[in-house]
Number of protein chains: 2
Amino acid sequence: MSQTYIKSYFSHEEKILVAVDCIIFGFDEGELKLLLMKKQIGSQIGKWSLIGSFVKENEDLDEGAKRVLKESTGLDDVFMDQLYCYGDVDRVFGDRVLSITYYALIRLCNHNLESVKEHGAEWVTFHDRPELIFDHNDMVERAIEKIRSKARNHAHGFELLPEKFTIPQVQHFFEEIYQEKFDKRNFRKKILSQGFLIKLDEKDKEGSKKGAFLYSFDKLKFKEFKNRKMIF
Amino acid sequence: MSQTYIKSYFSHEEKILVAVDCIIFGFDEGELKLLLMKKQIGSQIGKWSLIGSFVKENEDLDEGAKRVLKESTGLDDVFMDQLYCYGDVDRVFGDRVLSITYYALIRLCNHNLESVKEHGAEWVTFHDRPELIFDHNDMVERAIEKIRSKARNHAHGFELLPEKFTIPQVQHFFEEIYQEKFDKRNFRKKILSQGFLIKLDEKDKEGSKKGAFLYSFDKLKFKEFKNRKMIF
DNA sequence: CCAAAAGTGTTATCGCTACACCCATGA
DNA sequence: TCATGGGTGTAGCGATAACACTTTTGG
């Protein structure tokens, strides 16, 4: 009863179409990738767009984002964070649609690339990505900035590397995120000075003839590092 | 014609109630304040809440936030930024309501305190704020963190001071934002080292018997300062 | 033997932290 | 004259940026 009673309070208010759009970056030793698809329906048919669709009335926003990503690409177990809510009346043609954006950066080899292809989605090289529909370009800009700031401030990104990895691999990762080159001496010094990488006795000989020492990631030390808050 | 045609694409999708909630901080030499009001209707009647209401189908989200703030408090010319979209199905009782939050920090003396009171809203001391309804406490936490990070990284906050101000005033401002004390020598050094404060020949004798030198804010120098990006 | 990538050290500068005393004045 | 808040300096440390050569080894 009280349920029905309460519901009546807002019955005269206007409802709005709500969508989620997912900005998914992928990385795997090589170049940074971005997950896109070509519009199958609507006024923008054939143009490139992010992965997105409408949110149901009875699902949490976060759930909606997961569902849409899964339905459109088959991707599962992707931990997305909310980015921004795009809400101008005329942001898309024809209808008033609110879009809440979610973003993530995943390790490609942990996910099913086949199913993405079967669903008609594509991993494109971030650096050479095509123009996108509506305000989706803006969404991508905002998302990459968030990723960068996360990588900078919280040293995120080690989840993106194999269990054992080399310093040049880490550097390559950061260079892809920033689309910029760094000095390897300074980079090595900085990364090692944080104190959460453990040098192993093995070498990885994939990347070069000489071979590079492998390191592993000390989660405990990393937590200590993160908790030092950097105050004014 | 094409308008009608396009509109039909999404006609079967579910629409959702969308609200905005405004987290408005106020400052004016004294203590940091937060703008609240007591619920006049609904299941939470009489409890403290942020300023919020529903978004119309034909208004931009940003416009909606401005309108709601104006209607509920009479406040005008408040430049709010978007904070986060709260979207769990059961975040409020009875109805499914999406809430997009907006936040701002304003200088109290630039705004009409009377009209706020007449509208039934209140400025409460941030440090002693009451419990709020629903997820509004969470919203406030998130907002103050954003304000802090803005003040830290972009030296925002000089808009909040008079044209001419003293160093102790600036320090007081930061101490209110962080709810924490700082060493005055280090604070002074840091703030002055940025190079965008100009020392004047006048003293302000309000705050103390000795009087403190007044400074003004060099917008040009500040822009240079902001543009230096702090890369990895 | 050589191309290609890994690895290494120093210097100068800068910003941060911690810390204790004198100054000017109005009441 | 004294209580109040304004104002100052330094030493040590850690982080940053710029910079060039040696090592290893598979082909």
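All values below were derived from every heavy atom in this structure, side-chain atoms included, with hydrogens, water molecules and symmetry-related copies excluded. To find a chain, count down the sequence lines: A is the first, B the second, and so on, and within it residues start at 1.
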Taken to the nearest whole Å, OH/B:Tyr215 to P/D:dG6 is 12 Å
Are the aromatic ring centres of A:Phe213 and A:Tyr215 under 6.0 angstrom apart?
-> no
B:Phe187 ring center near B:Phe174 ring center (under 6.0 Å)
yes
Taken to the nearest whole Å, CG/A:Leu192 to P/D:dT16 is 13 Å
When rounded to whole Å, the CD to P distance for the pair A:Glu206 and C:dA6 reads 13 Å
To the nearest angstrom, the CD-C1' distance between A:Gln171 and C:dG7 comes to 12 Å
| message | When you measure from the side chain of A:Gln82 to the backbone of B:Tyr84, do you find a donor-acceptor pair of N or O atoms at a distance under 3.5 Å? | response | no
Here the distance between atom P of C:dA5 and atom CZ of A:Phe182, to the nearest Å, is 19 Å
Whole-Å distance, B:Phe187 CZ to D:dT8 P, equals 15 Å
Sequence neighbours excluded and cut-off under 3.5 Å, please list the side-chain donor-acceptor pairs for residues 113-122 of chain B, or say none.
| from | atom 1 | to | atom 2 | distance (Å) |
| --- | --- | --- | --- | --- |
| B:Ser115 | OG | B:Thr73 | O | 3.0 |
| B:His119 | ND1 | B:Ser115 | O | 2.7 |

Residue set satisfying ring-ring contact (aromatic ring centres under 6.0 Å, His included) with A:Phe173, at least two apart, ordered chain then number -> A:Phe27
Separation of D:dG7 atom P from B:Lys190 atom NZ, nearest Å, is 20 Å
Whether each nucleotide of nucleotides 18-27 of chain C has a protein heavy atom under 4.0 Å at its base (B), only at its sugar-phosphate (S) or at neither (-) is summarised, 5' to 3', as BBB--BBBB-
May I ask you to check whether B:Phe196 and B:Phe158 place their ring centres under 6.0 Å from each other? yes
In whole angstroms, the gap separating C1' of C:dT8 from CZ of A:Phe213 amounts to 13 Å
